2 protein chains.
Amino acid sequence: MLIDNLLEHAAQKCQQAGGRFTDKRRNILKNLINAKSPLSAYDLTELYNQNNDKKVQPMSVYRILDFFIEMKLVHKLPTLNKYVVCSHLSCQHSHQDQYFVVCKSCGDAQEISMNSKLTQELNESVSSVGFQLVDAQFELFGLCKNCSNQS
Amino acid sequence: MLIDNLLEHAAQKCQQAGGRFTDKRRNILKNLINAKSPLSAYDLTELYNQNNDKKVQPMSVYRILDFFIEMKLVHKLPTLNKYVVCSHLSCQHSHQDQYFVVCKSCGDAQEISMNSKLTQELNESVSSVGFQLVDAQFELFGLCKNCSNQS
DNA sequence: AGTAGATATGATACAACATAACATAAATTA
DNA sequence: TAATTTATGTTATGTTGTATCATATCTACT
Ligand SMILES: [Zn+2]
Ligand SMILES: [Zn+2]
Ligand SMILES: [Zn+2]
Ligand SMILES: [Zn+2]
């Protein structure tokens with residue numbers, strides 16, 4: 001999908017939720033969409049500042065990322081301290097539980113929707129030690145198709 | 001199990017692997033065993049220094065934690081930047097894949113052995129996007145029995 | 001249009017987590 | 001006892017993230 005369409009989708013989702021889609025936010029989201037791998041807040045700060053006269057502080061980038069996460073346009077990968085755009089940026093389906101698999105070799109990250117069997121397995125497994133599941137986002141590590149062919 | 005027995009087990013495992021179980025290592029492992037929740041490297045530094053005349057630097061604590069992780073006596077919870085002792089410290093069974101569930105309210109963490117159905121589900125799910133699973137440790141968040149009764 | 005309230009960003013400082021690099025000490029082995 | 005390996009000391013620095021208070025910009029209402 002063309003990037004301008006993605007950005008238009010994002011803008012709409014923000015406005016529907018009563019948030020603004022400012023130039024800074026658009027610019028930073030665009031950089032994250034174009035990224036081939038997850039980026040840190042500091043990566044995004046640097047990227048922004050390379051391409052703009054007006055500079056931005058990491059603090060602002062963190063706030064903008066928090067906003068996008070709230071809007072479910074961006075996900076954080078907590079073990080990497082990096083951020084990716086939601087792979088459902090362009091589609092309408094309300095966002096469900098997801099997890100990520102990250103390639104140990106090239107760093108590429110794939111968002112995977114949790115299927116019901118997996119959800120059930122996790123819930124049962126967690127219940128077995130007396131816990132009640134609240135938040136099931138997580139990251140696994142592996143090799144992507146490209147990288148496992150090369151090795 | 002009594003703490004001295006646990007430490008004795010740990011010492012043996014270290015020696016079998018050609019590592020030393022020094023006083024610092026013993027002391028730090030003991031603090032982590034006694035902790036009710038996961039601790040950070042800086043927490044452990046502070047704990048050590050409160051109880052000992054000879055002080056230790058965070059750098060050393062990181063090294064000691066790395067050593068214990070190598071020995072599979074300690075696990076790191078990457079999303080929390082904290083560490084816990086392996087719940088199988090005292091038993092002999094060779095360590096298999098595990099994950100953790102952390103109580104959002106009290107911070108308590110439970111180690112859970114991955115059962116075969118769950119492993120299979122994860123493998124299938126990951127394969128479906130062309131990835132090959134390498135490392136399946138992760139953390140989930142929920143409420144423990146105590147905390148969900150209180151609320 | 002003017003104002004009040006909400007939302008967004010600027011700016012500075014600092015906290016928390018982690019590693020690099022080089023030196024010394026202590027234990028093991030030859 | 002000398003050489004080698006393992007463990008720790010020491011200092012500096014890198015990376016990630018938050019707190020706080022000020023200013024700007026947008027929105028909605030009179
Ligand atoms: Zn998503
Ligand atoms: Zn790859
Ligand atoms: Zn374990
Ligand atoms: Zn709890």
Side-chain angles (χ1 to χ4, degrees), chain A residues 10-11 13-29 31-32 35 37-49 52-71 73-84 102 107 139, chain B residues 10-11 13-29 31-32 35 37-49 52-71 73-84 102 107 139:
Chain A
K13 284 193 187 174
C14 291
Q15 278 151 18
Q16 278 166 22
R20 298 177 202 153
F21 198 67
T22 64
D23 285 352
K24 275 202 174 54
R25 285 175 176 175
R26 160 176 257 108
N27 195 314
I28 283 172
L29 188 62
N31 285 337
L32 199 52
S37 301
L39 297 182
S40 75
Y42 281 80
D43 293 337
L44 286 165
T45 304
E46 203 181 336
L47 250 183
Y48 183 95
N49 289 341
N52 291 275
D53 284 346
K54 265 270 193 181
K55 303 306 180 192
V56 73
Q57 246 58 42
M59 179 77 259
S60 293
V61 175
Y62 276 107
R63 284 188 287 219
I64 288 172
L65 287 169
D66 286 345
F67 169 76
F68 283 141
I69 288 169
E70 189 104 6
M71 299 290 117
L73 299 173
V74 166
H75 301 296
K76 176 170 188 178
L77 305 181
T79 77
L80 299 178
N81 300 313
K82 290 180 192 295
Y83 303 81
V84 290
V102 178
E139 296 137 76
Chain B
K13 284 194 186 175
C14 291
Q15 278 151 19
Q16 278 166 22
R20 300 177 201 153
F21 198 65
T22 65
D23 286 351
K24 276 202 174 54
R25 285 175 176 176
R26 160 178 257 106
N27 195 314
I28 283 172
L29 188 62
N31 285 337
L32 199 53
S37 300
L39 298 182
S40 75
Y42 281 78
D43 293 338
L44 285 165
T45 303
E46 205 180 334
L47 251 181
Y48 183 94
N49 289 341
N52 291 275
D53 283 345
K54 264 273 194 177
K55 303 307 179 192
V56 74
Q57 246 58 44
M59 179 75 260
S60 292
V61 174
Y62 277 107
R63 284 188 288 219
I64 288 171
L65 287 169
D66 286 345
F67 169 76
F68 284 140
I69 288 168
E70 189 104 6
M71 298 290 118
L73 298 174
V74 166
H75 300 298
K76 176 170 187 179
L77 305 181
T79 79
L80 300 178
N81 300 314
K82 291 180 192 297
Y83 303 81
V84 290
V102 178
E139 296 138 75

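Chain A is the first sequence line, chain B the second, and so forth, proteins listed ahead of strands; every chain is numbered from 1. All figures in this text were calculated on a predicted structure; none of them were measured in a lab.
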Send over the distance from [X] [atom1] to [N] [atom2], rounded to a whole Å.
X       : N      : atom1 : atom2 : value
A:Glu46 : D:dG14 : CD    : C1'   : 14 Å
A:Leu39 : D:dT15 : CG    : P     : 15 Å
A:Ile69 : D:dT18 : CD1   : P     : 10 Å
A:Leu44 : D:dT15 : CG    : P     : 15 Å
A:Arg20 : D:dC26 : CZ    : P     : 7 Å
A:Arg25 : D:dC26 : CZ    : C1'   : 12 Å
B:Phe68 : D:dA7  : CZ    : C1'   : 12 Å

(message) My understanding is that only residues two or more places apart in sequence, or in another chain, count here; which of them pass salt bridge (Lys or Arg N to Asp or Glu O under 4.0 Å) with A:Arg63?
(response) none
(request) Report the residues that fulfil salt bridge (Lys or Arg N to Asp or Glu O under 4.0 Å) with A:Lys13, sequence neighbours left out, ordered by chain and then residue number. (result) none
Which is true for [X] with a 4.0 Å heavy-atom rule: it touches a base, it touches only sugar-phosphate, or it touches nothing?
X       : result
A:Lys76 : sugar-phosphate
A:Gly18 : nothing
A:Tyr83 : sugar-phosphate

(message) Holding to side-chain contact (heavy atoms from CB on, under 4.5 Å), I want the full list of residues that pass it with B:Thr79, two or more places apart in sequence or in another chain.
(response) A:Pro78, A:Thr79, B:Glu139, B:Phe141
(message) Quick check on A:Lys54: does its NZ atom have over 12 non-hydrogen neighbours (other residues, nucleotides or ligands) under 6.0 Å away?
(response) no
Does the side chain of [Y] come within less than 4.5 Å of [X]'s, by heavy atoms?
X       : Y       : value
B:Tyr83 : B:Leu77 : no
B:Leu32 : B:Leu47 : no
A:Tyr62 : A:Tyr42 : yes

Which atom pairs link the protein and nucleotides 9-12 of chain D when you take only N or O atoms and keep those under 3.5 Å?
residue: D:dG9; atom: OP1; partner: B:Lys24; partner atom: NZ; Å: 3.1
residue: D:dG9; atom: OP2; partner: B:Ser60; partner atom: OG; Å: 2.9
residue: D:dG9; atom: N7; partner: B:Arg63; partner atom: NH2; Å: 2.6
residue: D:dG9; atom: O6; partner: B:Arg63; partner atom: NH1; Å: 3.0

(request) Check every nucleotide of DNA chain C for an atom under 4.0 Å from a heavy-atom of chain B, then give the first and the last such nucleotide from 5' to 3'. (result) C:dC17 to C:dA27
(message) Measuring to OP1 and OP2 of D:dT25, would you say a side-chain N or O of A:Thr22 lies under 4.0 angstrom away?
(response) no
(request) Tell me whether the OP1 or OP2 atom of D:dG17 has a side-chain N or O from A:Tyr62 closer than 4.0 Å. (result) yes
(message) Going by side chain to side chain donor-acceptor pair (under 3.5 Å), name the residues that satisfy it together with B:Thr45, two or more places apart in sequence or in a different chain.
(response) none
(message) Just to verify, which of A:Asp66, A:Leu29, A:Ile28 counts as forming a side chain to side chain contact (heavy atoms under 4.5 Å, CB included) with A:Val74?
(response) A:Leu29
(message) Can you say whether a donor on the side chain of A:Tyr42 sits under 3.5 Å from an acceptor on the base of D:dG17, or the other way round?
(response) yes
